[in-house]
Amino acid sequence: MAKCPKCGRKLTLFDWRPNCPGCGVNLVYYGMEERLLAEADSAEAEHAVFQQRVDRLKASFVGSKLTIIRIILSVLPIAALMLPLCTVSYSGPLIEATTKSINAIEIYNLVSSLNFDSLFTMMGSGILGSSFVGYFGALVCILLSLVIVIVSLFMLMLACSPKGNPRNITLNSLAIILAAASVVFFSRFSSGITAVFPDFISASVKFGIFVYIGTLVLLLGINIIIAVKGVNVKYKPTFVGGLPSEEYFELVKNGTDVAVIHEKMAVALEAQEAEREKEKAEKEKEEAKA
């Protein structure tokens, strides 16, 4: 059963009029002003939060010279993967000697056409199992490292968020560890396969993987420097009901009564209006002198 929002009287089905039979208040419009004020405060507060996010996004990319350098270093690892990462050579009777250079494009083609059933069968082999475990491990590690690099590139949009620096450093560290692990696994594959077929196949890592790891180390270094020095985020002034948004959020956080907040808003709006009138009067005075 409904109650009157003002006096608390219980309303029955026969109380169909818009006014409370107890206190006479209009049940439709009672508290509407407070609701409208609350909605206005909420809309301005949401705009203030959104504006802060936009300001942090901007600072993440062009907040300082270091952040601009970070953008370049974030792209370099992807470019480094276009360099030769390793080579695999084949030779033997009735087989033309062939040396194949592997980079990111070749890895993509390899994965897209890879027969995983055959690979898992080879991993279970007593003779070649260890070698193909290394092959599979190298493939997985370099792909995961690339995925982390791409994710960290997109995560730059949140670089100035509270957890931005720890997240960037963690992602960079993981990418380096996985890239180093891929070298270890591929070396295991190379030594194992060469031991079984010494005159038929050989494999070796190339400079591209070390360039890739080097770019990741540089990226990690710049993120550590940025974390130490910090980025000065230039927040655009925002207001909620005339109050600076920082002050409003602090009042709300402290549990300040809504009526008290609105009183402060009224004072702030009066002060802003007085300041505008003063500026207008000074401008008219200067124009009159001119």
Side-chain angles (χ1 to χ4, degrees), residues 42-85 103-105 107-108 140-183 205-240 243-253:
S42 177
E44 291 185 342
E46 289 178 2
H47 172 265
V49 172
F50 176 76
Q51 183 61 49
Q52 290 175 357
R53 290 174 179 171
V54 171
D55 295 335
R56 287 196 294 268
L57 173 63
K58 183 178 179 180
S60 297
F61 291 100
V62 293
S64 67
K65 293 181 180 179
L66 291 175
T67 58
I68 297 175
I69 295 173
R70 179 172 59 187
I71 297 174
I72 299 172
L73 292 180
S74 296
V75 177
L76 283 182
I78 300 176
L81 287 175
M82 299 298 110
L83 299 173
L85 304 176
N103 60 12
I105 297 176
I107 291 175
Y108 171 78
V140 170
C141 286
I142 196 64
L143 288 175
L144 287 177
S145 181
L146 174 59
V147 169
I148 290 175
V149 167
I150 295 174
V151 170
S152 64
L153 180 60
F154 282 101
M155 286 293 103
L156 287 183
M157 294 185 292
L158 303 175
C160 285
S161 63
K163 297 181 180 179
N165 288 325
R167 178 172 53 243
N168 291 337
I169 292 173
T170 300
L171 289 175
N172 295 157
S173 300
L174 286 175
I176 293 172
I177 292 171
L178 287 169
S182 71
V183 175
V205 294
K206 291 298 180 181
F207 69 95
I209 188 64
F210 300 108
V211 173
Y212 174 67
I213 294 175
T215 58
L216 291 176
V217 171
L218 289 175
L219 181 58
L220 175 62
I222 198 69
N223 274 317
I224 292 175
I225 294 172
I226 289 174
V228 173
K229 290 191 173 183
V231 178
N232 183 25
V233 182
K234 297 179 180 179
Y235 288 107
K236 183 178 180 181
T238 54
F239 300 89
V240 180
L243 288 176
S245 57
E246 297 83 1
E247 181 180 350
Y248 171 79
F249 290 131
E250 186 66 23
L251 291 170
V252 173
K253 182 180 178 181

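- In plain terms, the two heavy atoms of Leu174 and Ile148 that are nearest each other are CB-CD1, 3.8 Å.
- When every heavy atom of Gly63 is checked against every heavy atom of Val231, the shortest pair comes out as CA-CG1, 4.0 Å.
- No side-chain heavy atom of Ser64 sits less than 4.5 Å from a side-chain heavy atom of Asn232.
- Interatomic distance, CZ of Phe239 versus CD of Glu247, reported as 10.5 Å (0.5 Å rounding).
- For the pair Leu178/Ile142, no side-chain contact is recorded, criterion being any heavy-atom separation below 4.5 Å from C-beta on.
- Side-chain contact between Thr67 and Ile226 is present, with at least one heavy-atom pair separated by less than 4.5 Å.
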Take Asn103 and Leu83 through the side chain to side chain contact (heavy atoms under 4.5 Å, CB included) test and state the conclusion after the steps. CA-CA 6 Å; Asn103 60 12; Leu83 299 173; over 6 Å; no

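- Within the model, atoms CD1 of Ile213 and CD1 of Ile176 stand 8.5 Å from one another, a figure rounded to the nearest 0.5 Å.
- When all heavy atoms of Leu66 and Lys229 are compared, the pair lying nearest together is CD1-CD, 4.1 Å.
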Evaluation steps, side chain to side chain contact (heavy atoms under 4.5 Å, CB included), between Val183 and Cys141: CA-CA 9 Å; Val183 175; Cys141 286; over 6 Å; no

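- Evaluation of the side-chain contact (heavy atoms from CB on, under 4.5 Å) rule for Ala227 yields Asn165, Ile169 as partners, not counting sequence neighbours.
- For the atom pair Asp55 CG and Phe50 CZ, the distance stands at 10.0 Å (nearest 0.5 Å).
- Proximity of Leu85 to Phe207: side-chain heavy atoms (C-beta onward) are nowhere separated by under 4.5 Å.
- With contacts defined as side-chain heavy-atom distances shorter than 4.5 Å, the pair Leu251/Leu243 qualifies.
- Checking Leu218, Val149, Leu146 one by one against Pro77, the side-chain contact (heavy atoms from CB on, under 4.5 Å) holds for a single residue, Val149.
- Screening Leu219, Thr215, Val217 for a side-chain contact (heavy atoms from CB on, under 4.5 Å) involving Leu73 leaves a single residue, Leu219.
- Rounding to the nearest 0.5 Å gives a distance of 13.5 Å between CD of Glu44 and CD of Gln51.
- Of the N and O atoms on the side chains of Ser245 and Tyr235, not one donor lies less than 3.5 Å from an acceptor on the other residue.
- Between Ile209 and Tyr212, some side-chain heavy-atom pair lies under the 4.5 Å cut-off.
- Atom CG of residue Leu220 and atom OG of residue Ser173 lie 4.5 Å apart, to the nearest 0.5 angstrom.
- Annotation: side chain of Leu158 is in contact with side chain of Arg167 (closest heavy-atom distance under 4.5 Å).
- The minimum heavy-atom distance linking Ala104 with Met82 is given by the pair CB-CE, 3.2 Å.
- Looking only at side-chain heavy atoms (C-beta outward), Asn223 and Leu171 stay at 4.5 Å or farther from each other.
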Should Ser60 and Arg70 be marked as a side chain to side chain donor-acceptor pair (under 3.5 Å) after you check the CA-CA gap, both sets of side-chain angles, and the distance that decides it? CA-CA 9 Å; Ser60 297; Arg70 179 172 59 187; 5.3 Å; no

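- The line from CZ of Arg53 to CE of Met157 is 13.0 Å long, rounded to the nearest 0.5 Å.
- Smallest separation of non-hydrogen atoms from Ala45 and Phe249: O-CZ, 3.7 Å.
- For Phe61, the CZ atom sits in a packed shell: over 12 heavy atoms of surrounding residues, nucleotides or ligands are nearer than 6.0 Å.
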